[in-house]
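Below you'll find the structure, written out as structure tokens, and then a few comments.
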2 protein chains.
Amino acid sequence: MPSDTDGLSIGQVAERTGLSVHTLRFYEREGLLTRPVRRAAGGRRVYAEQDVEWLRVCVILRASGMPLPAIREYARLSAEGPGNESGRLELLRRHRETVNAQLELLGRSLDLIEFKVRVYEDILDHGHGCALPAEPPRQESPAPAG
Amino acid sequence: MPSDTDGLSIGQVAERTGLSVHTLRFYEREGLLTRPVRRAAGGRRVYAEQDVEWLRVCVILRASGMPLPAIREYARLSAEGPGNESGRLELLRRHRETVNAQLELLGRSLDLIEFKVRVYEDILDHGHGCALPAEPPRQESPAPAG
DNA sequence: CCTTGACCTGGAGCCGGCTCCAACCCCTGG
DNA sequence: CCAGGGGTTGGAGCCGGCTCCAGGTCAAGG
């Protein structure tokens, strides 16, 4: 266990990032890291705190649906060092827009789901009362199918 | 084209739902429909407006990440008719929670992304000024990796 | 009559993102 | 000395959700 001078084993990084060791090696193969991982005697990977930070960013980008190739590109730019900030900015802005679109879509889906939840709650509470609690979820018909 | 008395071809349903004809047949095989699709001479599918409404619900459930097996279950309950509303309600409530969790996660991811966008904007505008625009995105360190 | 186009079927293929396997290495403690 | 635990590798497998293919049927129009 290379704990001296903040070197971390793959298992420790897995714990800290929530990724599996499989996934960590996979990400490395996929070129998602900003720099080659150091190796200890016997070829074991030795990560630095820096790597963990980067991986945490990766986790968040993944969680927000950024595909691996895009993360790879971002990693590549980051690895290149200063000078390409506009490229990184563009990439992030694009991703921000897809996240906003996701949020919008998810929000509208939630409207429908909540509408239906209310419908069923009413059916169960009031015998099966009040014919449709008016409130077509944002644009589009309530589509009371199902 | 069976346009009389509101019968729709698979192609028309594809247009109206945004799903491909492939996907429509696939969903049918997967048991996502609430009732068997009627067939015209030659075995061609004939959909009713009702089916389109249900499929639009499916699209929204998919868009919000409900897996096919869950939709199948919901379809099964809906097909059974009245009497199982509590089952449907439970299913929808569970899904609502996963959607809320997604929204939460996505929102937090967005915080990080916007933070980084701001960082790069500042670098590009002000030469590369103001050392880190303070504002750790909700809990957790800003992790300025990358 | 023949083409065109929309439809049918069963089954195969693809893509993204992991996830696991076999076989091996190495360090540590008992 | 030897067992166990945690590494290493290349490559295979899996899962969800489509997506497509080959080969066929049918109806309408030129």
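The chains referred to below are lettered A, B, ... by the order of the sequence lines, with proteins before strands, and numbering in each begins at 1.
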Look at the aromatic rings of B:Y74 and B:W54 and report parallel, tilted or perpendicular, splitting at 30° and 60°. tilted
Is the distance from OP1 or OP2 of C:dT9 to the nearest side-chain N or O of B:R39 less than 4.0 Å? yes
For B:S9 and C:dC7, is the shortest distance between a side-chain N/O and OP1 or OP2 below 4.0 Å? yes
Measuring from the side chain of B:P67 (C-beta onward, heavy atoms only), which nucleotide among D:dC20, C:dC18, D:dG17 has the closest atom? D:dG17
Nearest-Å distance, CG (A:L24) to P (C:dG17)? 16 Å
Protein-nucleotide distance (A:L32, atom CG; C:dG17, atom P), rounded to Å: 9 Å
Taking only N and O in the side chain of B:R45, is any of them less than 4.0 Å away from OP1 or OP2 of C:dT9? yes
Tell me whether the side-chain N/O atoms of B:Y27 come closer than 4.0 Å to OP1 or OP2 in D:dC18. yes
To the nearest angstrom, the CG-P distance between A:L61 and C:dG17 comes to 12 Å
When rounded to whole Å, the CZ to P distance for the pair B:F26 and C:dG10 reads 15 Å
State whether A:E80 and A:R88 are salt-bridged, where the test is any N-O pair (Lys NZ or Arg NE/NH1/NH2 against Asp/Glu carboxylate O) under 4.0 Å. no
Protein-nucleotide distance (B:I10, atom CD1; D:dC26, atom P), rounded to Å: 18 Å
Nearest whole angstrom, please: distance from the C1' of C:dA6 to the CG of B:L8. 15 Å
Quick one: which of C:dG17, D:dT9, C:dC7 gets closest to the side chain of A:R62? C:dG17
A:R25 side chain near D:dT9 phosphate (N/O to OP1/OP2, under 4.0 Å): no
Are any of the side-chain nitrogens in B:E104 or B:R108 under 4.0 Å away from the carboxylate oxygens of its partner? yes
Is a donor-acceptor pair below 3.5 Å formed from side chain A:R44 to base D:dG6, judging by atom type as modelled? yes
Return the nearest nucleotide to the side chain of A:T23; candidates are D:dG17, C:dC20, C:dC18. C:dC18
Roughly how far, to the nearest 0.5 Å, is the CZ atom of B:R62 from the CD1 atom of B:I60? 13.0 Å
Got a donor-acceptor contact below 3.5 angstrom from the A:E28 side chain to the A:F26 backbone? no
Quick check on DNA chain C: between B:G11 and A:M66, whose nearest nucleotide comes earlier from the 5' end? B:G11
Taking NE2 from B:H22 and P from C:dG13, how many angstroms apart are they, rounded to a whole number? 16 Å
Tell me which of A:Y47 and A:R29 sits closer to the 5' end of DNA chain D, going by the nucleotide each one is nearest to. A:Y47
Can you check the A:E15 CD to D:dG5 P distance for me, whole Å? 16 Å
